[in-house]
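In what follows, a single structure is set out as structure tokens and then discussed.
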Amino acid sequence: MARFVQLHLLTSYPPANLNRDDLGRPKTATMGGANRLRISSQSLKRAWRTSESFQSALSGHLGTRTKEKGREIYQALLEQGVKEKQAMTWAQAMAGVFGKLKVLPKKQKEALKEASDAERRAALMTELEIEQLAHISPEEGQAINTLIASVAESGEAPTDEQLNLLRARHTAADIALFGRMLASSPAFNTEAAAQVAHAISVHKVTVEDDFFTAVDDLNDGQEDVGAGHMGETEFAAGLFYLYICIDREQLARNLSDNTALADRTLAALIEAAATVAPTGKQNSFASRARASYILCETGDQQPRSLSVAFLNPAAGMDLLPTAIDRLMQTRANMDKAYGACSDNAKTLNAVTGEGTLEDIIACATEAG
Amino acid sequence: MDDYLLFRLYGPLASWGDTAVGEYRPSYHHPSRSAVLGMLAAALGICRDEEERLLALDRDYRIAVRVERGGELLRDYHTVQSPPEAAIQGLWVKSRRDEIKALEAYWAKRGKPPQASPVSQRDYRTDAAYSIAVQAARPEAHRDLAPLAQALRRPGFPLYLGRKSCPPALPLDARVVQAHGLRDAFEHYPSCLAQLGVLLADSDYMAYHTGRMLAAQSTAYYWEEGFDCTGLEAQMIYPRRDRLRSRRRWQFDTRDEYHATTQEEQEGA
């Protein structure tokens with residue numbers, strides 16, 4: 001197994017302010033003496049890590065999104081002979097692992113005491129619902145079924161340990177790639193397997209100001225013809241170069257050598273990186289984009305980003321093809337100067353139409 | 001004639017941690033010895049908790065830095081969304097996504113947007129280029145530098161320039177050279193800028209620009225006690241707290257850093 005997977009992506013965003021600093025301006029950095037647009041590493045990781053796409057991809061897009069899992073579990077428990085009250089409590093415990101459960105307001109609960117049995121049962125069923133849509137993968141569904149059978153047989157409530165296992169893989173994948181999250185215990189510090197560089201625009205950039213006014217609809221202009229509010233929004237458009245390096249051995253270690261999960265995790269990251277953008281100011285700019293070019297390299301050699309291709313800022317009318325050429329040329333030059341810097345490579349080029357995301361993922365997750 | 005291990009460090013962003021308390025995380029102007037030795041440890045596959053091996057590394061080698069370009073300061077505004085305890089109580093928070101969702105739900109219930117998260121200012125150096133020289137500090141221990149060079153070529157962990165988000169943009173190109181003194185050793189090793197000139201010269205639109213875009217500032221040398229510094233005369237001595245005392249307790253001792261700036265012409269500049 002090649003140890004390092006390096007991903008180089010070129011993604012073009014129309015005018016946007018995806019990641020801003022304390023003054024509300026798009027983040028920038030100087031490279032090769034010229035000002036470039038920047039999306040910070042932390043912003044990228046957060047966008048990918050919390051995206052729907054990443055979650056879904058972790059289960060190979062085979063999961064279900066539902067709020068009703070609690071009811072399903074309750075029914076299943078009843079069918080397996082568990083008493084109603086216990087089934088309710090246990091179903092809540094299990095469903096609660098996937099999200100916050102709905103809670104009936106106190107007053108409504110009080111009122112239920114007067115209601116009929118049927119009415120009460122129906123109302124209490126709401127307390128089995130998860131507030132937000134939860135994503136449940138086939139494996140998690142399987143784990144739930146196994147646990148249902150186990151508690152039905154033993155007649156004892158599910159333990160915290162058993163409940164913890166229901167989503168263990170989910171936590172594992174998230175932390176294995178990106179390191180611990182804040183809520184986790186410091187005792188479980190994990191070395192993140194993914195290294196994400198700050199994304200930098202391949203060209204020089206000048207941040208632009210959008211002067212806007214908000215008109216007061218109720219102002220009939222009799223006394224004052226001015227705007228209700230005036231302001232400025234900063235934005236810029238950029239073709240970004242992104243670099244990611246994944247240490248497959250670290251990923252395997254983090255996931256206790258579960259190869260299938262490691263491959264799935266890697267695939268989920270690649271998909272997220274190619275399709276998910278940070279959400280800064282998206283309501284104003286709707287700047288969603290996909291990677292136009294992806295180069296995947298695998299090997300054991302010291303990983304290196306190819307940002308030097310853009311040390312001299314790219315310019316001209318055909319920015320994307322120019323950028324792709326530069327990237328390929330620089331890679332070839334480096335191989336010539338230092339010997340092969342990777343053993344295997346695959347590209348996806350949306351301009352020429354060659355390559356697919358599947359190919360990239362296959363290259364990255366290749367065994368042996 | 002002594003053996004020196006030489007390699008270069010270049011990336012668009014780099015950060016050499018200086019003493020940091022609280023939310024302001026500054027960067028020093030050039031790599032500290034702890035940063036360089038940390039990188040060597042990563043290359044050798046030494047884990048963070050292997051205290052003995054890390055101390056041995058600190059004891060057995062000395063480092064010097066040639067700053068070809070100090071670069072410019074970049075201050076990054078870095079926020080972290082951390083849910084208050086009350087937001088995650090009683091919930092199974094199993095991933096970062098769960099954390100963020102819990103945070104949003106918590107503030108939504110209170111009818112307010114998510115409150116200001118811990119804010120930090122993290123410094124980086126941009127357009128900085130360095131060459132590093134490593135020498136065995138205890139020749140009687142017979143340290144062979146070749147395995148170090150090999151480790152840098154095929155590292156045990158991914159390398160980075162101070163922060164994980166700062167990957168190197170050039171192969172480190174580690175070489176073991178024999179030289180009479182530190183200055184001589186550096187002379188045997190092409191600078192980053194010279195290398196970039198070679199690397200990018202093939203394309204006609206780059207050759208002309210590289211030199212102009214990355215105009216060299218004067219060359220500065222920083223080294224520690226014990227080097228043969230023929231040809232280098234220390235102009236300043238700075239105290240620097242980067243000598244490892246304990247990795248686990250994150251404690252460092254001070255040492256003297258010698259500095260000299262020269263006006264020499266850099267090739268490719």
Side-chain angles (χ1 to χ4, degrees), chain A residues 4 21-22 27 29-34 40-42 46 49-51 54-55 96-100 131-132 163-164 167-168 170-171 173-175 178 181-183 191-192 195-198 200 243 245 247 250 300-308 311-313 326 329-330 333-334 337-338 341, chain B residues 10-13 43 47-48 71-72 74 76-83 88 91-102 105 119 124 126-127 152-155 157-160 163-173 195-196 198-200 202-203 205-206 209-210 212-215:
Chain A
F4 299 114
D21 62 16
D22 48 342
K27 286 193 176 179
T30 312
M31 186 165 83
S40 63
S41 162
Q42 63 266 19
R46 183 198 185 284
R49 200 173 178 179
T50 58
S51 70
F54 183 69
Q55 261 218 109
V97 177
F98 293 87
K100 189 154 180 278
E131 272 186 357
Q132 296 186 338
L163 290 173
N164 202 13
R167 284 184 72 209
H170 214 90
T171 312
D174 181 48
I175 294 184
F178 298 111
M181 47 166 181
L182 290 156
E191 179 68 31
Q195 173 182 37
V196 179
H198 296 254
I200 306 237
Y243 173 75
C245 173
D247 180 351
Q250 183 69 54
D300 290 338
Q301 297 89 336
Q302 176 232 317
R304 49 91 190 87
S305 105
L306 288 171
S307 63
V308 291
L311 196 56
N312 176 26
R326 286 241 202 141
Q329 182 72 53
T330 303
N333 289 351
M334 267 206 208
Y338 298 102
C341 298
Chain B
Y10 166 73
L13 264 67
C47 292
R48 292 181 207 269
E72 283 78 38
L74 168 71
D76 187 31
Y77 173 73
H78 186 138
T79 60
V80 182
Q81 280 189 306
S82 66
I88 55 177
L91 292 178
W92 289 88
V93 172
K94 302 287 280 172
S95 64
R96 182 69 175 139
R97 186 181 147 92
D98 288 351
E99 254 186 0
I100 304 275
K101 293 267 171 253
V119 172
Y124 294 82
T126 57
D127 274 344
L152 288 172
R153 263 174 242 125
R154 295 179 107 85
F157 289 109
L159 303 176
Y160 47 85
R163 292 207 172 105
K164 199 153 183 168
S165 61
C166 305
L170 280 181
L172 264 52
D173 196 16
Q195 201 61 13
L196 285 170
V198 165
L199 211 55
L200 307 176
D202 263 34
S203 328
Y205 43 75
M206 294 194 198
H209 284 293
T210 320
R212 196 167 61 89
M213 286 296 161
L214 269 199

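Quick note on labels: first sequence line is chain A, next is B, and so on, each numbered from 1. Values below: every heavy atom of this structure, side chains too, minus hydrogens, waters and symmetry copies.
Comparing A/Lys27, A/Met334, A/Gln42, A/Arg304 by heavy-atom pairs within less than 4.5 Å of chain B, the highest count is held by A/Gln42. Of the listed residues (B/Arg153, B/Arg163, B/His78), the greatest number of heavy-atom pairs within a distance under 4.5 Å of chain A belongs to B/His78. Between chain B and the options A/Ser40, A/Gly99, A/Ala337, A/Ser307, the largest number of non-hydrogen pairs under 4.5 Å is found for A/Ser307. Between chain A and the residues B/Asp76, B/Leu13, B/Thr79, the largest count of heavy-atom pairs under 4.5 Å involves B/Asp76. Among the candidates A/Gln55, A/Gln132, A/Gln250, the residue making the largest number of heavy-atom pairs closer than 4.5 Å to chain B is A/Gln55. Interface summary for chain A: among B/Pro12, B/Cys166, B/Ala169, the most heavy-atom pairs under 4.5 angstrom belong to B/Ala169.
Residue A/Ile200 touches chain B through its side chain alone, counting heavy-atom pairs closer than 4.5 Å. Heavy atoms of B/Leu74 lying under 4.5 Å from chain A belong exclusively to its side chain. Proximity to chain B is absent for every atom of A/Ala173, based on heavy atoms less than 4.5 angstrom apart. Contact of B/Leu170 with chain A is made through backbone and side chain together, with heavy-atom distances under 4.5 Å. In this structure, the portions of A/Gln301 lying under 4.5 Å from any heavy atom of chain B include both its backbone and its side chain. Interface residue A/Val196: only backbone heavy atoms are found under 4.5 Å from chain B. Heavy atoms of B/Tyr124 lying under 4.5 Å from chain A belong exclusively to its side chain. Using a 4.5 Å cut-off between heavy atoms, B/Arg154 touches chain A through backbone and side chain atoms alike.
Of all heavy-atom pairs between A/Leu306 and A/Thr330, the closest is CD2-CG2, 4.3 Å. Nearest heavy atoms, B/Arg97 versus A/Thr50: NH1-O, 2.8 Å. Counting all heavy atoms, side chain and backbone alike, B/Tyr77 lies closest to B/Val119 at CE1-CG1, 3.4 Å. What you find for A/Phe4 and B/Pro155 is that their closest heavy atoms are CZ-O, 3.6 Å. Heavy atoms only, all atoms of each residue included: B/Lys164 and A/Ala192 are closest at NZ-O, 2.5 Å.
Every side-chain contact (heavy atoms from CB on, under 4.5 Å) that B/Leu91 has, sequence neighbours left out, goes to A/Lys100, B/Val93, B/Ala102.
Within the 3.5 Å criterion, the main-chain N or O of A/Asp247 finds no donor-acceptor partner in the side chain of A/Gln195. With hydrogens and angles ignored, the 3.5 Å screen pairs no side-chain donor or acceptor of B/Ser165 with any backbone N or O of A/His198.
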Practice problem: Mind running side-chain contact (heavy atoms from CB on, under 4.5 Å) on A/Met31 and A/Leu311 for me, showing each step along the way? | Solution: CA-CA 6 Å; A/Met31 186 165 83; A/Leu311 196 56; 4.1 Å; yes

